[in-house]
Amino acid sequence: MYFIANWKMFGGLSTLNSLKKVIKFLKIFKKSKNIKIIYCPPSTLIRPMFKKVINSKIQIGAQNCHESITYGASTGSINPMMLKNVGAKYVILGHSENRESGETDKLINSKIKAVIKSGLKVIFCIGETIGQKRKKITKKTLSKQISIGLQNVKRRKNIVIAYEPVWSIGTGVIPKPDDLINTINFIKKKVRNIKVLYGGSVNPKNINKLKLIKNIDGFLIGGASQDPKKFIDIIKKTYN
Ligand code: 13P
């Protein structure tokens with residue numbers, strides 16, 4: 001199981017102290033061997049966080065990157081080689097918050113290729129908006145995101161998919177269990193041998209429902225991941 005923390009645009013150097021609790025917990029947690037814990041802080045915190053988690057189970061990821069693997073004139077951008085250089089092992093790509101600000105499937109495809117070429121792993125986000133859900137075009141939407149996003153992508157073992165319905169992010173609303181089982185199965189049939197995680201309002205309360213959905217390979221957690229107690233609680237309850 002994967003437990004991935006997406007801190008989004010939150011956190012400063014002092015926030016890193018909250019990791020101590022999580023590191024301590026992971027040392028004593030019996031199921032630790034079977035889980036992957038990945039923290040994706042803002043880029044400013046990748047290096048200092050990397051230093052804090054050395055010798056622990058926690059790995060570091062970035063939240064986005066440029067589609068080039070070489071240096072270049074692109075003000076404000078960071079490429080995957082630069083992320084690798086400061087300790088990142090994963091990169092989140094295709095997050096709906098970036099799709100909303102204009103990131104296309106094609107651009108996401110280029111980024112996925114760049115990240116894999118750099119030797120990093122991809123957390124590939126897909127998901128439908130509320131409008132698409134109402135129009136009953138969820139599967140069509142996901143199909144398009146997957147087929148363009150993964151076009152000509154080799155080494156797919158370096159990818160995990162995070163299914164994040166856009167209407168579920170930050171709203172407290174999660175999909176109905178049957179719908180979620182169905183959608184995850186649909187994705188798994190389409191991609192084969194890729195782990196599929198769920199993201200969208202995962203918290204210590206609804207984890208008891210979500211953990212019953214057996215075809216989910218882990219969770220991508222936003223808001224609740226900033227609070228170490230909540231994050232630990234989610235992991236503990238998944239195995240209770
Ligand atoms: P929330 O858990 O805050 O809903 O965010 C989910 C998300 O977007 C993770 O990438």
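Counting starts at 1 for both ligands and their atoms, in listed order.
Between I221 and ligand 1, no pair of N/O atoms sits closer than 3.5 Å. Looking at ligand 1, you'll find an N or O of H95 within less than 3.5 Å of one of its N or O atoms.
Scanning all heavy atoms of the two residues, the minimum distance from V53 to I58 falls at CG2-O, 3.6 Å. Minimum heavy-atom separation, S56 to I23: CB-CG2, 3.9 Å.
Close approach of ligand 1 to G170 is summarised as follows: ligand atoms under 4.0 Å from at least one heavy atom of the residue are 1 (P), 4 (O). Under a 4.0 Å criterion applied to the non-hydrogen atoms of S201, ligand 1 contributes the atoms 1 (P), 2 (O), 4 (O). Close approach to E164 involves these atoms of ligand 1, each under 4.0 Å from a residue heavy atom: 6 (C), 7 (C), 8 (O), 9 (C), 10 (O). Atoms of ligand 1 lying under 4.0 Å from at least one heavy atom of N6, given by number and element, are 9 (C), 10 (O). For ligand 1 and K8, the ligand atoms under 4.0 Å from any heavy atom of the residue are 5 (O), 6 (C), 7 (C), 8 (O). Numbered from 1 in the order shown, with element, the atoms of ligand 1 that lie under 4.0 Å from a heavy atom of G223 read 1 (P), 2 (O), 3 (O).
Sequence neighbours left out, not one pair with a member in residues 24-50 passes side-chain hydrogen bond (donor to acceptor under 3.5 Å, both in side chains). Applying the salt bridge (Lys or Arg N to Asp or Glu O under 4.0 Å) test to every pair with at least one member in residues 93-109, sequence neighbours left out, gives these pairs: K8-E97, R99-D105, E103-K111, D105-K144.
Open room surrounds CG on D178; 12 or fewer heavy atoms of other groups in view lie less than 6.0 Å from it.
Looking from atom 2 (O) of ligand 1 to the surrounding protein, the closest heavy atom is G222 N, 2.9 Å.
Taking the six-membered ring for Trp and thresholds of 30 and 60 degrees, Y2 and Y90 have ring planes more than 60 degrees apart, a perpendicular arrangement. The aromatic rings of F219 and Y198 lie perpendicular to each other, with more than 60° between the two planes, well past the 30° mark.
Ligand 1 does not have G199 within reach: every non-hydrogen atom of the residue lies 4.0 Å or more from it.
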